[in-house]
Amino acid sequence: MNPFSSGTRLRDMIRAIRACKTAAEERAVVRKECAAIRASINENDHDYRHRNLAKLMFIHMLSYPTHFGQMECLKLIASAGFPEKRIGYLGLMLLLDERQEVLMLVTNSLKQDLNHSNQYIVGLALCALGNICSAEMARDLAPEVERLLQFRDPNVRKKAALCSIRIIKKVPDLAENFINPAAALLKEKHHGVLITGVQLCTDLCKVSAEALEYFRKKCTESLVKTLRDIANSPYSPEYDIAGITDPFLHIRLLKLLCVLGRRDADASDLMNDILAQVATKTESNKNAGNAILYECVETIMSIEDNGGLRVLAINILGRFLSNRDNNIRYVALNMLMKAITVDAQAVQRHRATIVECVKDSDASIRKRALELVYLLVNESNVKPLTKELIEYLEVSDQDFKGDLTAKICSIVEKFSPEKIWHIDQMLKVLSEAGNFVKDEVWHALIVLVSNASDLHGYTVRALYRALQLSSEQEGLVRVAIWCIGEYGDMLVNNVGMLGIEDPITVTESDAVDVIEIAIKHDGSDLTTKAMALISLLKLSSRFPSCSERIKDIIVQCKGSLVLELQQRSIEFNSIIVRHQNIGSMLVERMPVLDEATFSSRRAGSLPATISTSSAASLKLPNGVAKPSAAPLVDLLDLTSDDAPAPSSSGVGDLLHDLLGVDLSPVSSELGTGQAPKSGTDVLLDLLSIGLPPPVQNSSSTPDILSSGQDNKSSFATLDGLTSPSHITQATSPAGPAPVMDLLDGFGPNPLVPENNGPAHPSFAAFESSSLKIIFNFSKPPGNPQTTLIQATFTNLSPAAYTDFIFQAAVPKFLQLHLDPASSNTLPANSKGSISQTLRVTNSQHGKKPLVMRIRVSYKANSKDVLEEGQISNFPRDL
C-alpha cells in the first residue's frame with residue numbers, strides 16, 4: 001500500500017515519522033501525509049474519514065497546522081455510529097477551541113447527542129462540552145446539562161457535574177439554576193459523583209453569593225456528617241489509598257468547608273469537632289495523609305477564630321518542617337507565612353526549626369524560610385535571631401548572601417535595641433558580605449555613627465580592626481575611610497575608650513596607609529576613591545606630620561583617566577598648598593547628620609528608573625562603571641537617588657563635600673578639561689558665587705560625568721536641595737555681579753532677587769478631595785527661558801498632614817530646581833498652607849510649552865498617602 005495514501009493506518013505513519021533522522025525529513029513526511037489527507041477530504045472518502053482524523057490529531061500533537069481538517073470533525077460527530085462519534089469528539093477537543101468560529105456549527109449536534117438514548121454518546125457530548133464550551137454554547141445547552149445531573153447512570157451524572165462547572169465559569173448568571181441539583185449531588189453514595197458534586201458546590205459558592213448563603217444554611221451539617229463518615233469508615237479496598245479511605249474526597253470536602261466557614265461563626269462552630277478529629281487521627285507517614293493534614297490546616301486557618309484548633313494546626317506545620325520531603329517543608333513554610341498574621345505566638349514556638357530551614361540545601365526553602373524569619377523578628381528575639389543569621393552568613397553560598405544580607409540589615413535597622421549593638425552587627429555584616437550590601441545600607445550606617453557622638457572613637461577603632469582582617473569588602477572600606485577621615489584623631493589617640501574594648505596602637509602613618517591602600521586598590525570603584533581623597537584632605541589638617549605624604553598621594557591622582565578624580569586631585573592640592581591658613585576650617589568635622597530627614601528621604605525617594613535606570617552605564621577606565629545620571633555620592637547627601645546631577649565644573653560636588661553648600665545654579669568660567677587662566681587662582685574661580693545663571697546652549701558638549709539632569713527626566717525632592725539662608729541663588733540682571741570668595745569668608749551683602757517680569761494669572765495646578773495646589777508665576781527680567789513658580793499647598797481635609805514632601809519631574813528639554821518648602825506640616829481645614837519655589841528653565845522656549853508630573857506624599861492619621869498628577873495646561877508664553 002502507498003505509504004502516503006488515505007488508506008494507510010496511523011501506526012504506519014508514526015513509524016515513517018519516527019524513522020526520520022532530521023527535522024527536514026520529518027517535515028517532508030508530514031507534508032506528504034497532509035497532502036494525501038487533503039486529497040481524501042476533497043474526494044469525500046467516507047471509509048477513511050476516521051483514519052484521516054486520527055492522523056491529523058497526531059500531526060497536531062507534533063505542532064503542525066491541521067486547520068484544514070476541522071470540518072471533518074463535524075462530519076464525524078454527525079455520523080450515527082458510536083466509533084465515528086468517538087473519534088469526531090476527540091478531534092473536536094484537540095483540533096478546536098472555544099475561539100474557533102466553526103465551533104458554532106456543532107451546537108446542534110451536541111444538543112442532539114445530549115438527548116441521545118445511548119448513555120455513552122451522551123457521555124461523549126458532555127466531555128466535549130466541558131472542554132470547549134463557549135459562553136454562547138453554555139447558554140444554549142445549560143438546560144440539557146442541568147437535566148443530566150439527575151440522569152440514572154452515575155458516570156453521566158459525574159460528567160454532567162464537571163460540565164456544569166465549565167458552564168457557570170463561562171456564564172456566572174446561570175449559577176442559580178444549578179444550586180438545587182448540586183445540593184442533591186451531596187447526598188450521593190457513589191464517590192465519583194460525590195467528588196464532582198462537592199467541586200460543583202465549591203465553584204458555585206465562588207461565583208454566587210446566593211449559592212454561598214444557601215449551602216451554608218442547608219448543607220453544612222450534611223457535609224460535616226459526610227466527612228465524619230468517610231474519616232471513620234472501615235477498610236474499603238475500592239477507595240483505600242495508603243490506609244486512608246478516599247483522600248481525594250477528604251480534600252474536596254475540606255475545601256468546601258473552608259469556603260463555607262470563612263467569615264461565618266455559625267458554620268465554623270459546626271465543623272470544629274470534625275476538623276479536630278481529622279487533624280489528630282490522620283496518619284502522616286504517607287503523602288495521602290500529609291495532603292489531608294495540609295488541607296485541614298488551611299481550613300482551620302480560614303474559618304472563624306478557634307484558638308485551640310489554630311495551635312493544633314500550627315503544630316502540624318511544625319511537624320511538616322521536620323519532614324525529609326522538600327515539597328512538604330516548602331508548603332509548610334508557605335502556610336506558616338499566612339498563619340503568623342493569625343497567631344504569631346504559636347508560630348514563634350517553632351522558631352528554631354524555621355531558622356534551621358534557612359540553612360537548607362534547597363534554594364527555594366532557604367528563601368522562603370528567610371522571609372518567615374523576617375516576619376518572626378520582634379524586639380524580644382532580635383538579638384538571638386540576628387546572631388544565628390550572621391553566623392550562617394559566614395558559611396552561606398555566594399548566591400544566597402545577597403538575600404540574607406538584605407534581610408539582616410533590615411532586621412537590625414528595624415529592631416535595634418541600642419546603637420552600639422546596631423553598629424556591631426552592621427560591622428559584622430560588612431566584614432562578611434560588604435560587597436552585597438546596598439548603598440542605602442552603608443549610607444544609613446554613616447548617619448547612625450554621626451549621631452552616636454559617644455561612640456565615634458569606638459566605631460572608628462572597630463572599623464580599623466575589621467579593615468585589617470577584611471579589606472576586600474567594598475561597603476566596609478567606604479564606611480571605614482569615611483570614619484577615619486572624620487575621626488582619625490580619635491583613632492590615633494584612643495579617645496572615647498569604652499570598658500568593653502582593648503586599646504590599640506595606631507600611628508598617623510598607619511591611618512594614612514589605610515586610605516592610600518583604598519585609593520590604589522584595583523578593585524576600588526569611583527565612589528570609594530573619591531571618598532578616600534576627601535578623607536586624605538581632612539587628615540592633612542589633622543595629621544600635620546603626614547601632610548607632605550598626603551599631598552603626594554593626592555597629586556598622583558592628577559593623572560587619573562577619570563575626570564572626577566583628576567579634578568578633585570587638582571582642587572584638593574590647591575587647598576593644601578595655597579590655603580593652609582584656612583584648611584582646618586574647610587575640613588572641620590561634619591555636623592551631625594539628621595536621622596529623621598535621611599529616613600524620610602529614603603521613604604519618599606522615587607524609583608531609580610525615573611531618572612537613572614534607563615541610561616546606559618558609562619564604562620570608565622580601571623574597571624569603573626558609572627551610571628550616566630548618578631553623581632558621586634556626596635557626604636552630606638547620602639542618598640544620591642534624588643540629588644541633582646553635578647555641573648561639569650564640579651562646583652556642587654566640591655562645596656557640598658566640603659561646606660555643605662548647594663550651588664547648583666552657579667557655574668564656573670572653566671569648561672570641562674580646560675586649564676585655568678594664567679595668573680588666576682583655580683580655587684577662587686571654582687568657589688566664587690554671585691555669577692548670573694548660565695544660558696543653556698544645546699550645541700555645547702555635555703560633561704560625560706554629569707549628564708543626568710540634561711538627558712533624562714529627573715525628580716527633585718523637597719529636601720534634596722538645601723542652602724544656607726545667607727546665600728541667594730538669584731542675581732540682579734543689570735551689571736556684573738560682585739564675587740564673594742567663600743574661602744576668605746567675606747563679601748558684599750546677599751542680593752535680593754527681583755521679580756519685575758510680566759504678570760501671569762495663577763491657576764489651580766492640582767486639586768483632589770484632600771489637597772489643592774496653586775501655582776503663581778513670575779519671570780526674571782532678561783531671561784525669558786526661566787520661570788519662577790510659587791507653589792502654595794492647601795489641606796482640604798479635617799486631618800493635619802505631616803512629613804509633607806512635594807516632588808516633580810520634567811522632560812529632558814526642561815531643567816527644574818526646587819527650593820526648600822516653608823514647612824513639612826500642613827494644617828487641616830485650609831487653616832494654613834505650605835509654600836515652595838520652583839525654578840524651571842525651558843531650553844525650547846517658544847517652541848514647546850511647560851509640562852510637569854508631580855507627586856505629593858504625606859502622612860494623614862499615621863497613614864502614608866501618595867497623590868500623583870500631570871500638569872500640562874501651563875500658560876503658553878512661559
Side-chain angles (χ1 to χ4, degrees), residues 1-114 116 118-134 137 155-156 158-159 162-163 166:
M1 183 180 289
N2 182 358
F4 301 116
S5 69
S6 60
T8 56
R9 295 183 179 276
L10 174 61
R11 63 171 176 266
D12 297 325
M13 186 192 73
I14 294 174
R15 286 172 184 164
I17 291 175
R18 287 179 175 174
C20 297
K21 296 182 179 179
T22 64
E25 291 180 4
E26 179 183 297
R27 286 195 297 270
V29 171
V30 171
R31 191 161 48 245
K32 291 176 182 178
E33 282 286 354
C34 288
I37 293 171
R38 278 194 293 267
S40 178
I41 291 174
N42 293 333
E43 294 170 2
N44 199 18
D45 190 344
H46 297 279
D47 296 333
Y48 294 111
R49 181 173 286 158
H50 65 285
R51 187 173 295 177
N52 290 335
L53 190 55
K55 292 180 186 179
L56 279 176
M57 285 188 281
F58 183 77
I59 292 171
H60 173 78
M61 288 188 285
L62 295 178
S63 301
Y64 292 98
T66 56
H67 57 278
F68 58 87
Q70 292 175 350
M71 292 302 297
E72 294 297 286
C73 298
L74 275 62
K75 292 176 182 177
L76 284 173
I77 290 172
S79 301
F82 176 80
E84 289 79 9
K85 284 184 178 291
R86 185 171 67 91
I87 197 73
Y89 277 120
L90 184 58
L92 183 73
M93 289 185 283
L94 283 177
L95 304 184
L96 284 81
D97 57 41
E98 61 180 284
R99 295 168 295 180
Q100 302 289 338
E101 293 183 4
V102 72
L103 199 62
M104 298 171 57
L105 303 175
V106 81
T107 304
N108 190 52
S109 296
L110 279 170
K111 188 167 187 175
Q112 292 178 0
D113 288 342
L114 289 174
H116 203 281
N118 188 332
Q119 66 184 38
Y120 299 106
I121 292 178
V122 174
L124 288 176
L126 285 171
C127 283
L129 187 61
N131 278 281
I132 62 169
C133 173
S134 63
M137 295 173 67
N155 288 322
V156 172
K158 178 174 67 176
K159 292 176 182 179
L162 294 174
C163 188
R166 171 89 176 194

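Keep in mind that what you see is a predicted model, and the values were worked out from it rather than measured.
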A.B. asks: Can you tell me how far apart CG (L56) and CD1 (I41) are? Round to the nearest 0.5 Å.
C.D. replies: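 Here the rounded value is 6.0 Å.
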
A.B. asks: Among pairs that include at least one residue of residues 57-71, which meet salt bridge (Lys or Arg N to Asp or Glu O under 4.0 Å), considering only residues two or more places apart or in two chains?
C.D. replies: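 Found none.
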
A.B. asks: Not counting sequence neighbours, which residues clear salt bridge (Lys or Arg N to Asp or Glu O under 4.0 Å) with R38? List them please.
C.D. replies: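 Expected list: none.
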
A.B. asks: With sequence neighbours excluded, tell me which residues meet side-chain hydrogen bond (donor to acceptor under 3.5 Å, both in side chains) with K158.
C.D. replies: none

A.B. asks: Please enumerate all residues that pass side-chain hydrogen bond (donor to acceptor under 3.5 Å, both in side chains) together with Q70, with sequence neighbours excluded.
C.D. replies: none

A.B. asks: Under the salt bridge (Lys or Arg N to Asp or Glu O under 4.0 Å) test, which residues partner E72, sequence neighbours left out?
C.D. replies: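 E72 satisfies salt bridge (Lys or Arg N to Asp or Glu O under 4.0 Å) with R49, K75 once adjacent residues are dropped.
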
A.B. asks: Does some side-chain heavy atom of M71 sit less than 4.5 Å from a side-chain heavy atom of L105?
C.D. replies: yes

A.B. asks: The criterion is side chain to side chain contact (heavy atoms under 4.5 Å, CB included); which residues satisfy it with Q112, sequence neighbours excluded?
C.D. replies: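 Testing Q112 for side chain to side chain contact (heavy atoms under 4.5 Å, CB included), a comparison that skips the adjacent residues, returns N108.
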
A.B. asks: With respect to L129, which candidate in L114, L162, T107 satisfies the side chain to side chain contact (heavy atoms under 4.5 Å, CB included) definition?
C.D. replies: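 Passing option: L114.
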
A.B. asks: What's the spacing between L10 CG and E33 CD if we round to 0.5 Å?
C.D. replies: 9.5 Å

A.B. asks: Could you tell me which residues satisfy side chain to side chain contact (heavy atoms under 4.5 Å, CB included) with K85, sequence neighbours excluded, listed by chain and number?
C.D. replies: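 K85 satisfies side chain to side chain contact (heavy atoms under 4.5 Å, CB included) with Y89, D113, I121, L124 only.
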
A.B. asks: Any chance you could measure R166, atom CZ, to N131, atom CG, to the nearest 0.5 Å?
C.D. replies: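 Atom-to-atom, R166:CZ and N131:CG are 7.0 Å apart.
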
A.B. asks: Side-chain donor-acceptor pairs under 3.5 Å in residues 61-69, sequence neighbours left out?
C.D. replies:
from, atom 1, to, atom 2, distance (Å)
Y64, OH, E26, OE2, 2.8

A.B. asks: Which residues pass the side chain to side chain contact (heavy atoms under 4.5 Å, CB included) test with A23, not counting sequence neighbours?
C.D. replies: R27

A.B. asks: Using the side chain to side chain contact (heavy atoms under 4.5 Å, CB included) criterion, which residues pair with R11? Sequence neighbours excluded.
C.D. replies: R9, R15

A.B. asks: May I ask you to test the L95-L53 pair for a side-chain heavy-atom distance under 4.5 Å?
C.D. replies: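 Yes, close enough: below the 4.5 Å cut-off.
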
